[in-house]
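All remarks here apply to the structure that follows.
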Amino acid sequence: MGQITKDTIPPEENVPPVAAKGFLGFIEKFTVLKGAQRELWLTFVIKLFIISAYSITNKTLILWLSSDLGFNDQSAGALIGWVWAPAMTIFTLLAGSLTDALGLRRTFFFGVFICLIARAVMVFSSIPWLALAGGLFPLVIGEALGTPVLIAATRRYSTTRQRSISFSIIYMVMNVGYLIAARIFDYVRQSLGEHGHLDVFGSQITTYRALFLVSLGFEFLLLPTIYFLRRGAEATDEGVRITGEPVRHAGAALWDRIWLTVRDSALDTVRLFKKLLSQSGFYRLLAFLLLIGFLKLIFLQTDYVFPKFGIRELGEGAPIGRLLAINYLLIIVFVPVVGALTQQFSAYRMVIVGGAICAASVFVMALPTAWFHGPANGAIGQWLGHSYLGLKGGIHPYYIMTAIYTAIFSLGEAFYSPRVYEYSAAIAPKGQEASYGALSYIPFLFGKLLVGTGGWLLAAFCPEHGPRHSATMWLIFALAASVAPIGLIAFRSYIRVPEAGRQD
């Protein structure tokens with residue numbers, strides 16, 4: 001799925017409020033989807049398959065690089081954090097131009113075919129240079145084509161009244177995909193063993209390549225789903241309209257069309273940044289977003305650091321996916337509730353509150369494990385370990401600590417994450433809301449660069465062999481996360497810009 005991020009995507013247009021109130025009003029918000037075009041429902045299914053495939057791959061990458069390809073902690077972390085993940089962000093930004101040149105349906109197919117080839121290479125190749133050059137790096141391009149296409153498809157295939165709830169469902173489907181991926185991640189590792197093998201067409205593939213095989217299966221499911229999208233279909237308030245898909249430079253040959261569109265987009269981007277650089281608000285927003293990057297570091301480490309930590313501290317086959325799924329379950333509940341209860345407060349204030357909660361949550365992992373032996377052996381620990389996680393025997397304190405940390409972090413994420421995008425739009429000069437909104441993806445890019453250091457922290461404090469001091473690693477993460485709320489408070493007189501419609 002393109003640059004998959006757990007972002008709440010704001011609808012592009014305001015939808016007039018429904019007349020009904022209370023429970024009936026709540027139900028009516030969903031009934032607007034009655035009579036929605038099949039393309040909208042197919043878009044939800046496509047989102048689910050793309051998210052599931054991407055999330056399985058993302059959780060497996062760091063383990064595959066070390067176990068199958070022989071990378072140590074440092075080089076694996078640097079490759080993911082400093083090359084692969086940032087490249088996906090960059091290609092996602094460029095993918096919008098390709099979508100304009102090819103049209104939605106063609107871009108969907110193009111991205112899926114790239115991912116099919118790349119994932120197949122990662123499944124069946126054990127040669128490091130081939131697995132990287134023919135698998136991992138092409139996968140960046142294929143995945144990056146998903147995000148802008150899905151956003152555009154959701155808008156194109158929904159009417160004005162359906163648009164708001166459609167983007168909300170896209171967000172919900174994204175979290176369902178994360179949940180599915182988390183369960184599959186645990187099931188395959190526990191069934192085959194952390195370093196087991198699976199026989200496929202006479203070839204022995206490792207556990208981690210078997211996980212890539214599952215993601216390849218999701219990719220195949222996308223082909224018939226995309227096929228049923230009608231070429232040129234568009235939902236309007238008057239009904240479905242079938243036209244030729246709007247593309248730039250339609251009269252040019254395919255490759256010329258792609259080149260001309262990318263060239264035009266690059267020139268537009270240069271002109272945009274020249275304009276932004278002349279505005280003081282741009283630098284304030286940039287400082288704000290760089291501080292948020294320290295919070296995104298904590299979110300990103302769940303894919304690129306936590307799997308190795310979990311296996312080394314909790315043992316092979318540890319239900320890492322189900323532990324992380326606590327976040328996906330809670331965020332579905334917390335985001336709408338917190339959003340409804342804090343509407344009257346400024347976005348900047350809520351980002352500080354949420355950032356402080358997120359930073360505080362990480363300190364739980366830095367506490368002595370001995371403090372949690374009692375809760376681990378108590379009723380809550382037994383329910384968590386035996387009923388939810390399916391463990392046998394004693395419950396390691398890190399299970400309780402991770403659950404507490406994840407629950408608190410989820411609450412903080414619900415406070416700050418949606419408001420980051422609101423703040424970017426609220427302080428934007430009139431007519432530049434989209435430009436400022438696009439900048440709100442900078443924290444993920446900065447967070448990925450920071451998480452590239454995770455390999456060194458693992459090697460130093462949570463090595464595969466030898467004594468471990470994992471609490472120190474988590475203390476460093478907690479202190480890094482604390483940079484965000486402290487910086488937002490300390491530099492608020494410079495960073496903060498009055499928000500449209502806010503008094504405080």
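The analysis underlying the following values was restricted to heavy atoms, covering all of them including side chains, and did not include hydrogens, waters or symmetry mates.
- Closest approach of Ala478 to Ala359, counting heavy atoms only: CB-O, 4.4 Å.
- Separation of the Phe446 and Phe294 ring centroids falls under the 6.0 Å cut-off.
- Using modelled atom types, one finds no donor on one side chain facing an acceptor on the other under 3.5 Å when comparing Asn58 with Ser55.
- Side-chain contact of Arg419 with Ser346: a donor-acceptor pair under 3.5 Å is absent, judged by distance alone.
- Annotation: side-chain contact (heavy atoms from CB on, under 4.5 Å) contacts of Ile332 (sequence neighbours excluded): Asn175.
- Electrostatic pairing of Asp73 and Arg312 counts as a salt bridge here, judged by a charged N lying under 4.0 Å from a carboxylate O.
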For this session: Assess whether side-chain contact (heavy atoms from CB on, under 4.5 Å) is satisfied between Phe109 and Leu222, documenting all intermediate values.
Result: CA-CA 9 Å; Phe109 274 124; Leu222 283 166; over 6 Å; no
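- For Asn327 and Ser410, the side-chain atoms include at least one donor-acceptor pair closer than 3.5 Å.
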For this session: Please test Arg209 against Ser125 for side-chain contact (heavy atoms from CB on, under 4.5 Å), starting from the C-alpha separation and ending with a verdict.
Result: CA-CA 9 Å; Arg209 285 157 61 195; Ser125 175; over 6 Å; no
For this session: Could you walk me through whether Leu223 and Phe113 pass the side-chain contact (heavy atoms from CB on, under 4.5 Å) test, one step at a time?
Result: CA-CA 9 Å; Leu223 290 176; Phe113 279 120; 4.2 Å; yes
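- Side chain of Tyr348 to main chain of Leu488: a donor-acceptor pair is present (N/O by atom type, distance under 3.5 Å, no hydrogens or angles).
- With respect to the salt-bridge test (charged N to carboxylate O, under 4.0 angstrom), the residues Arg189 and Asp186 qualify.
- Applying the side-chain contact (heavy atoms from CB on, under 4.5 Å) rule to Ser361 yields the partners Tyr405, Ile408, Phe409; only residues at least two apart in sequence or on another chain are considered.
- Ring pair Trp474/Phe309: centre-to-centre distance below 6.0 Å.
- At distances below 3.5 Å, at least one donor-acceptor pair connects side-chain atoms of His386 with backbone N or O atoms of Gly393.
- Between Trp456 and Trp82, the distance from one ring center to the other falls under 6.0 angstrom.
- Between Phe71 and Trp64, the closest side-chain pair of non-hydrogen atoms is not below 4.5 Å.
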